[in-house]
Amino acid sequence: MTDPAPLDAAAARARVAEFVAAHDPRTTDPAAFLGARFDAGLAWVHFPEGAGGLGAPRALQPTIDAEFARLGAAPVQREGLVIGLGMAAPTILAFGTPAQRYRYLRPLYTGEEVWCQLFSEPGAGSDLAALGTRAVRDGDSWILNGQKVWTSLAHRARWAILIARTDPDLPKHRGISYFICDMHSPGVEVRPLRQLTGEAEFNEVYLTDVRIADSQRLGEPGEGWRVAQTTLMNERVSIAGHAEPREGGVIALVTELWRTRPELRTPGLHDTLLRLWVDAEAARLTKERLRQQLAAGQPGPEGSAAKLSFARINQEVAGLELDLLGGEGLTYDDWSFRRPAGIPFAERVPGFHYLRTKGNSIEGGTSEILRTIIAERVLGLPAEPRTDKDTAWKDLPR
Amino acid sequence: MSADPVPADLDLLYDDVEEGLRASVRSLLADRCPWSAVLERVETDAPTDVALWKELAAMGVAGLPVPERLGGAGATLRETAVAAEELGRAVAPVPFLGSAVLATTALLAAGGEAADGALARLASGEVSAALAVPLATAPDTPFPQTVRYAPGAPGSTSSPDSPADGRAASGTLTGEVGGVADASTAGILVVPAVGADGPGLYLVEADSSVRLPVTSLDLTRPLATVRFDGAAARPVATGPAAADALHTALVSGAAVLASEQLGVAEWALTTTVDYLKTRYQFGRPVGSFQAVKHRLADLWVAVSQARAVARNAASAAVHGGPEAALDAALAQAFVSDTAVLAAEEAVQLHGGIGFTWEHPTHLYLKRAKADALALGSADRHRMTIARLADLPPAQWEA
């Protein structure tokens, strides 16, 4: 742990090999394995020592992950951990106190504690900073009242990252604070939210006089919007550490159908298929180029475009799949109101693909908001005139 | 299955040598080839800037993929593609595509003493060359049949000129080819022709042909009809080797052309974004209107993807084989549409000024549309993809 030489790829691989030799992944309990990996600083190599890292360059992490995979370790990113690993951890690292880092990061990494995110509200979607959930100071704690929505994992989570309004007299971006909320607290009520596919991947979360200790606050009071930016930026950073093969994505749904079912082919759909094939390859190669840029330590702005492209391609592929199938596309597998049974997307019926992909251009930033972000932050085009920036939140029209 | 994984090692970035080449070419073009000079030149009798071509040749641009033993730069089609980007960005009226890409790659693929002799002359900039096929020829079109080869020395009615390597002619060519790019200023023609023994690739001194300039849609890339009346010719490849060499040249040309189109698209996007930051209407920059911003964001996404696709095609062209043909078709299918869209958006979003002769946008619109037709339309390339990626068209039912 006190190696004075800076860690390079070869040294990183050697450390992983040494670790795996001491903790056989075939016989070690998965949580114990990950806990030991965290303690060895190989969880997030760019985090500081003691917080799961070694203070080494972030670019080494794909090498380390690949080496763990090669030596038979299970992947860290597993079902249910996406919010914790991708959003809560980097935010706690950036803004948490030493005590907060010590309390939360390790069980988050091992998967012993699941996290969810309480950001969106019925009245604050794209305009997240307009949120109205109130947090009122009461001695050493805060009392929260409000409603959150589109919360995946809320029913399984132990903790939530949450933003709430602490000062309604300030303009909307300035009166927000950021908290860690115990999902087992009295007054937290989780209700499944049924979506147009029939099932409920997400929840509504009602907060009624929920008490959060002030020691659970991340960042200063009123600084919550800035803290949330860290969370949201990390949402879009995760890029696979390996190249994807040709037709590696959702396009395979229709290319395989086209090859194996010649009776479904028509000239118009052939043209649609080829155009989509080209677009899917272009998106795949762009993602691959971004991966190579990150590995070479030269991140580019292409990441913000990936979600926009994939949302459109996913929707068009799913639409083409139904058009190809014709009458077979008229049936559906299950409309019952239930939590998803964990069946992979590709194994659901084409009608489900068509309906579920409609969410791709809404969830995690609508395609319209992403276009505005690209235009303003990448191309440097001027912002539209706004009336809400300097008005007290309580005086905004709603 | 034909959809094999792409080799994981295809490099989609630019290395330091390539960036150095880019900087040199861009600097020379900024100095010697501003758009105002291009506009002035293209309406004269000498639209091609031969003096600029000699200067580019002195930098190595006339023979980038030519081996050093022949006086070339000893580089690859990846570096060639970087030069193409910059020449496209400047709509430079030089015979790069016809000479340094199409004729050069045909001669490199053919090999042999006569081809080597011609390559040395091209790389030095002493003369330029043209590949005598219609510019719109797609890589998978059948071998051209419009020029016939007859063995034996030129008769008294034909040109007395000796063939390209200065040695005795082996035969003569008769026939006509329309729409040949960069032929009027060429010293050497590389001519596909058929004889009693099948296809062949021949070298002809250009002034032993008759070249009739035609008025071209793209003012910066002159076209000519080339007629051979018993012109002295020397074979560089015959039989299947000739067909392979022509195919390799057209695939390489399609791959490199995508980078030229990328340069055109980048110019159009950048120039339009810059203009819309400074053009005021209704008391605010036009670039602050969301209806305009979102179009530019979509265009930026497409140009980012075009870069990945063009780099992929150039890298694949270095390796050759069926993957190179598929990746070149992909690049043409995607980047042709992107470059045309970029140029069309540039005209529309510049408003009235973009419709004038005095503004450079029309040079790029004409180049973009002509490039989209060059070496096969996007739709022709989608048909190539259908064949190479095993996505066959619909058939009449029995």
Side-chain angles (χ1 to χ4, degrees), chain A residues 242-248 252 254-256 258-259 262-271 273-275 277-279 281-293 295-296 298 300-302 304-306 308-309 367-368 370-376 378-385, chain B residues 1-13 269-270 273 276-277 283-285 287-290 292-302 304-309 311-312 323 326-327 329-331 333-335 337-338 378-379 381-383 385-386 389-395 397:
Chain A
H242 58 87
E244 198 172 76
R246 186 163 266 157
E247 292 185 20
V254 284
T255 52
E256 286 312 300
W258 187 270
R259 292 188 184 108
E263 77 281 8
L264 301 179
R265 299 172 190 164
T266 63
L269 294 184
H270 190 230
D271 184 60
L273 173 74
L274 292 171
R275 287 173 187 272
W277 190 93
V278 167
D279 288 351
E281 279 297 290
R284 178 185 70 81
L285 289 166
T286 306
K287 191 171 148 197
E288 169 60 13
R289 184 161 195 274
L290 179 66
R291 192 188 68 82
Q292 293 181 7
Q293 282 178 304
Q298 37 176 265
E302 281 86 348
S304 45
L308 200 53
S309 314
S367 292
E368 288 70 27
L370 290 179
R371 286 189 185 97
T372 298
I373 289 173
I374 290 169
E376 294 182 6
V378 180
L379 297 176
L381 288 165
E384 295 215 47
Chain B
M1 165 162 159
S2 65
D4 296 323
V6 172
D9 59 350
L10 277 191
D11 180 0
L12 305 180
L13 308 179
L269 172 63
T270 308
V273 166
L276 293 174
K277 287 177 185 172
R284 48 191 273 212
S288 70
F289 287 94
Q290 193 172 69
V292 171
K293 269 183 185 168
H294 283 194
R295 283 167 72 161
L296 290 166
D298 282 336
L299 188 57
W300 178 81
V301 171
S304 302
Q305 294 180 326
R307 186 177 301 109
V309 169
R311 284 316 274 162
N312 180 63
E323 284 296 319
L326 179 52
D327 284 321
L330 165 65
F334 188 83
V335 187
D337 287 350
T338 303
D379 204 52
H381 288 285
R382 284 192 287 271
M383 288 301 112
I385 290 166
D390 184 27
L391 297 167
Q395 302 287 326
E397 284 167 39

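Computed from a predicted structure; not experimentally measured. So that the names make sense, note that chain A is the first sequence line, chain B the second, and so on, each numbered from 1.
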S.K.: Atom CG in B:L12, atom OG1 in A:T286: separation rounded to 0.5 Å?
M.R.: 9.0 Å
S.K.: Which atoms of A:L379 come close to chain B, meaning under 4.5 Å heavy atom to heavy atom: side chain ones, backbone ones, both, or neither?
M.R.: both
S.K.: Considering only heavy atoms and a distance below 4.5 Å, find which of A:E376, A:R265, A:R371 pairs most often with chain B.
M.R.: A:R371
S.K.: So, the side chain of A:R259 versus the backbone of B:D390: is there a donor-acceptor pair under 3.5 Å, distance only?
M.R.: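 Flag set: sc A:R259 to bb B:D390 pair under 3.5 Å.
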S.K.: Who among B:D298, B:V335, B:V292 has the most heavy-atom pairs with chain A under 4.5 Å?
M.R.: B:D298
S.K.: What verdict does the side-chain contact (heavy atoms from CB on, under 4.5 Å) test give for B:D327 and A:R246, after you've listed the backbone C-alpha separation in whole Å, the side-chain angles of each residue and the deciding distance to 0.1 Å?
M.R.: CA-CA 11 Å; B:D327 284 321; A:R246 186 163 266 157; 2.3 Å; yes
S.K.: Could you please spell out the steps behind the side-chain contact (heavy atoms from CB on, under 4.5 Å) verdict for A:L274 and B:M383?
M.R.: CA-CA 8 Å; A:L274 292 171; B:M383 288 301 112; 3.8 Å; yes
S.K.: So which part of A:T266 gets closer than 4.5 Å to some heavy atom of chain B, the side chain, the backbone, both or neither?
M.R.: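 A:T266 touches chain B through backbone heavy atoms alone.
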S.K.: Could you grab the distance from atom CG of A:L285 to atom CG of B:L10, nearest 0.5 Å is fine?
M.R.: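 That separation rounds to 8.5 Å.
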S.K.: Could you look at A:P267 and say if it's the side chain, the backbone, both or neither that has a heavy atom under 4.5 Å from chain B?
M.R.: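 Contact with chain B: backbone and side chain both.
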S.K.: So, taking the atom named CG in A:D271 and the one named CZ in B:R382, what distance separates them when rounded to the nearest 0.5 Å?
M.R.: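 Rounded to the nearest 0.5 Å, the CG-CZ separation comes to 5.5 Å.
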S.K.: Tell me every residue that passes salt bridge (charged side-chain N to carboxylate O under 4.0 Å, His left out) with B:R295, counting only those two or more places apart in sequence or in another chain.
M.R.: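 Once residues adjacent in sequence are excluded, the partners of B:R295 under the salt bridge (charged side-chain N to carboxylate O under 4.0 Å, His left out) criterion are B:E345.
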S.K.: Quick check on the interface: out of B:A329, B:A308, B:A302, who has the most heavy-atom pairs with chain A under 4.5 Å?
M.R.: B:A308
S.K.: So B:R284 and A:P382, do their side chains get closer than 4.5 Å, heavy atoms only?
M.R.: no
S.K.: Would B:L13 and A:Q293 count as a side-chain contact (heavy atoms from CB on, under 4.5 Å) here? Give the steps.
M.R.: CA-CA 7 Å; B:L13 308 179; A:Q293 282 178 304; 3.4 Å; yes
S.K.: Nearest 0.5 Å, what's the CG-CG distance between A:D279 and B:L330?
M.R.: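 A:D279 CG to B:L330 CG: 9.5 Å, rounded to 0.5 Å.
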S.K.: Between B:K293 and A:E384, is there a side-chain N and carboxylate O pair less than 4.0 Å apart?
M.R.: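 Between A:E384 and B:K293 there is no salt bridge, as every charged N stays at least 4.0 Å from the carboxylate O atoms.
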S.K.: Could you tell me which of B:T270, B:D379, B:V301, B:L276 has the largest number of non-hydrogen atom pairs under 4.5 Å with chain A?
M.R.: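 If we count pairs closer than 4.5 Å to chain A, B:V301 comes out on top.
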S.K.: Decide, yes or no, whether a salt bridge links A:E288 with B:R311 under the criterion of side-chain N to carboxylate O below 4.0 Å.
M.R.: no
S.K.: Measuring heavy-atom distances to chain B, does A:E368 have an atom under 4.5 Å in its side chain, in its backbone, in both, or in neither?
M.R.: both
S.K.: Tell me every residue that passes ring-ring contact (aromatic ring centres under 6.0 Å, His included) with A:H270, counting only those two or more places apart in sequence or in another chain.
M.R.: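 Result, ring-ring contact (aromatic ring centres under 6.0 Å, His included) vs A:H270: A:W258.
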S.K.: So, for A:G380 and B:K277, which heavy atoms are closest and what is the spacing to 0.1 Å?
M.R.: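 Residues A:G380 and B:K277, closest heavy atoms: O-CE, 3.2 Å.
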S.K.: Are A:V278 and B:D337 side-chain neighbours, meaning at least one heavy-atom pair lies under 4.5 Å?
M.R.: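 Of all side-chain heavy-atom pairs linking B:D337 with A:V278, none is under 4.5 Å.
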S.K.: Give a yes or no on whether a salt bridge exists between B:D11 and A:R289, defined as a side-chain N under 4.0 angstrom from a carboxylate O.
M.R.: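 No, B:D11 and A:R289 are not salt-bridged.
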S.K.: For each of B:A297, B:A331, B:P285, tally heavy-atom pairs with chain A at distances under 4.5 Å, and name the one with the top tally.
M.R.: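 Among B:A297, B:A331, B:P285, the one with the most close pairs to chain A is B:A297.
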S.K.: Measure the CG-CZ distance between A:L381 and B:F289 for me, rounded to the nearest 0.5 Å.
M.R.: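 Atom-to-atom, A:L381:CG and B:F289:CZ are 12.5 Å apart.
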